Amino acid sequence: MFRLSELEEDALKEFFNMGLGMAANSLSQMVNNEVLLTLPKLKVVTYEEATRMLVQHSQEEKLVAVRQNFRGELTGTALLIFPGSESLELVRTLLNDDIPLEVLTELEQETLLDVGNVILNAFLESFTQMMSVEFEFEAAEYLRGSSRFLLDISSHLAAQRHSLMATGGGEDEERAFVLMMDFKTSDEEQKQHTLSGFVVLLFSHQAMLILKRELEVILSNL
Amino acid sequence: MEKKKALIVDDSSLARMMVRKFFTEGFKDWDLLEAKDALEALEKAEGLPLQLALVDFNMPGMNGIDLAEKLLEKQPGLSIHLVTANIQERMQLRAESIGIGFIKKPISQEKISDAMQRLSG
């Protein structure tokens with residue numbers, strides 16, 4: 001069975017943290033406020049386990065997601081998922097508290113796509129920072145729906161196969177990175193907005209092997 | 001002559017291993033102490049004259065800024081640098097406001113060398 005060692009997982013988390021630092025910096029420039037993105041948890045699991053884990057940690061029925069496929073030496077799908085009820089609040093935080101609700105709703109999809117794009121790109125670019133891998137991103141998609149649909153990894157895989165024409169590999173060997181993420185703007189305490197979500201990266205077996213090989217090279221040089 | 005002492009505090013093993021490698025290869029006249037969090041850092045720094053401390057911001061328990069303040073209470077004038085992936089201007093200003101340096105991750109031998117040069121200058 002495919003496994004990453006504790007040290008390899010630690011290294012990945014550090015790469016992701018660097019990616020998040022870049023994402024937070026881009027977002028903070030967008031909103032002219034400090035943005036704190038933290039990763040309390042990283043799990044490398046099978047697709048099936050990923051679905052189970054997401055369902056377990058999601059209290060809400062309605063969710064919002066930004067999905068982005070990538071292809072090249074690493075091929076797969078990246079997802080940013082967070083509670084639907086808080087997405088407007090996030091947009092309000094990012095744009096301006098004074099914007100009327102109807103305008104805010106119109107801007108919701110566009111803003112969340114931008115945010116998703118910045119965060120997911122930063123995660124994926126963190127791979128290219130330290131490793132010799134190259135890949136390209138497809139356009140990001142905005143999705144809104146029930147948790148049953150959005151947390152079901154197989155529905156994203158079907159979309160990925162449609163878009164990337166990727167073939168299904170040995171499902172046992174395919175892995176997802178599930179990252180829990182806290183999003184916080186650090187205004188003064190009482191105005192502070194906190195939002196917890198997930199970043200899920202779906203990697204093919206081939207992509208996981210490349211990733212493991214790259215990690216081994218980095219760690220053997222230390 | 002007794003070796004100079006530096007402390008690296010980071011919860012990431014990778015980050016600590018990278019710094020260890022830079023010291024082994026480039027700064028042989030230094031002793032490097034390692035800690036994975038603030039608590040361990042304070043224990044290791046107890047009673048020691050340190051010349052340099054490289055401190056991550058985001059760690060379980062106490063963050064890097066709070067740790068830096070505690071280290072400065074124990075050893076005023078110690079050269080401390082916040083080493084972080086949080087590259088926002090406000091984080092740099094927070095570091096400046098308590099009189100410590102700021103190093104953007106990923107750390108490199110050159111960045112450590114710069115911090116050391118400021119130390120002797």
Side-chain angles (χ1 to χ4, degrees), chain A residues 4-42 118-119 122-123 125-131 179-188 192 214-222, chain B residues 8-27 32 34-38 40 54-67 81-98 102-112:
Chain A
L4 289 177
S5 70
E6 200 179 317
L7 193 55
E8 286 165 349
E9 279 201 29
D10 173 277
L12 265 183
K13 198 167 180 188
E14 181 68 0
F15 295 150
F16 286 142
N17 270 320
M18 283 187 243
L20 265 195
M22 286 189 283
N25 192 40
S26 304
L27 291 175
S28 80
Q29 284 165 6
M30 277 163 71
V31 302
N32 201 21
N33 194 358
E34 189 175 20
V35 173
L36 296 173
L37 300 177
T38 51
L39 280 183
K41 206 167 195 173
L42 161 69
V118 166
I119 292 175
F123 266 103
E125 273 168 17
S126 59
F127 287 115
T128 59
Q129 288 260 312
M130 306 287 283
M131 303 176 189
L179 299 123
M180 289 180 196
M181 194 182 76
D182 285 336
F183 182 113
K184 205 164 16 183
T185 53
S186 77
D187 254 330
E188 57 270 36
Q192 191 174 79
E214 291 289 327
L215 284 170
E216 282 167 359
V217 170
I218 292 167
L219 292 169
S220 68
N221 283 325
L222 293 177
Chain B
I8 165 77
V9 192
D10 200 310
D11 58 324
S12 160
S13 309
L14 178 81
R16 296 197 306 274
M17 284 165 73
M18 283 170 71
V19 171
R20 162 73 58 198
K21 184 187 177 212
F22 297 140
F23 271 79
T24 309
E25 287 178 352
F27 313 115
L32 181 69
E34 293 182 35
K36 64 178 184 315
D37 57 30
E40 191 181 358
L54 303 170
V55 177
D56 182 26
F57 176 72
N58 242 334
M59 296 183 285
M62 195 187 297
N63 72 42
I65 292 275
D66 294 343
L67 170 62
H81 294 262
L82 194 70
V83 183
T84 177
N86 186 334
I87 55 176
Q88 293 172 66
E89 202 186 346
R90 287 183 195 217
M91 186 56 72
Q92 301 189 37
L93 293 175
R94 277 173 82 180
E96 268 174 35
S97 72
I98 62 161
F102 185 87
I103 295 176
K104 290 177 187 178
K105 279 190 175 181
I107 198 159
S108 64
Q109 189 152 339
E110 203 183 358
K111 289 175 187 172
I112 298 174

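Below, chain A is the first sequence line, B the second, and so on; all start at residue 1. Please read all numbers here as calculations on a predicted model, not as lab measurements.
Proximity to chain A involves both the backbone and the side chain of B:Pro106, based on heavy atoms less than 4.5 angstrom apart. A:Leu7 touches chain B through its side chain: at least one heavy atom from C-beta onward sits under 4.5 Å away, while N, CA, C and O do not.
The main-chain N or O of A:Leu36 is never found under 3.5 Å from a side-chain atom of B:Asn86 such that the two would form a donor-acceptor pair. For the pair A:Glu34 (side chain) and B:Gln88 (backbone), a donor-acceptor distance under 3.5 Å is absent.
Most heavy-atom pairs under 4.5 Å with chain B: of the set A:Gly21, A:Ser26, A:Ala23, this distinction falls to A:Gly21. The candidate with the highest count of non-hydrogen atom pairs below 4.5 Å against chain A, out of B:Glu25, B:Met91, B:Lys21, is B:Lys21.
The side-chain heavy atoms of A:Leu219 and B:Leu14, taken from C-beta on, include a pair separated by under 4.5 Å. Residues B:Ser12 and A:Lys13 have side chains not in contact (no heavy-atom distance under 4.5 Å, counting atoms from C-beta outward).
For B:Glu89, the CD atom sits in a loose shell: 12 or fewer heavy atoms of surrounding residues, nucleotides or ligands are nearer than 6.0 Å.
To the nearest 0.5 Å, atom CG of residue A:Asn17 and atom CG of residue B:Asp56 are 8.0 Å apart. Distance check: A:Met18 CE to B:Ile87 CD1 gives 11.5 Å after rounding to the nearest 0.5 Å. In this structure, the separation between CD1 on A:Ile218 and CE on B:Met17 is 11.0 Å, given to the nearest 0.5 Å. For the atom pair B:Met18 CE and A:Asn221 CG, the distance stands at 11.0 Å (nearest 0.5 Å).
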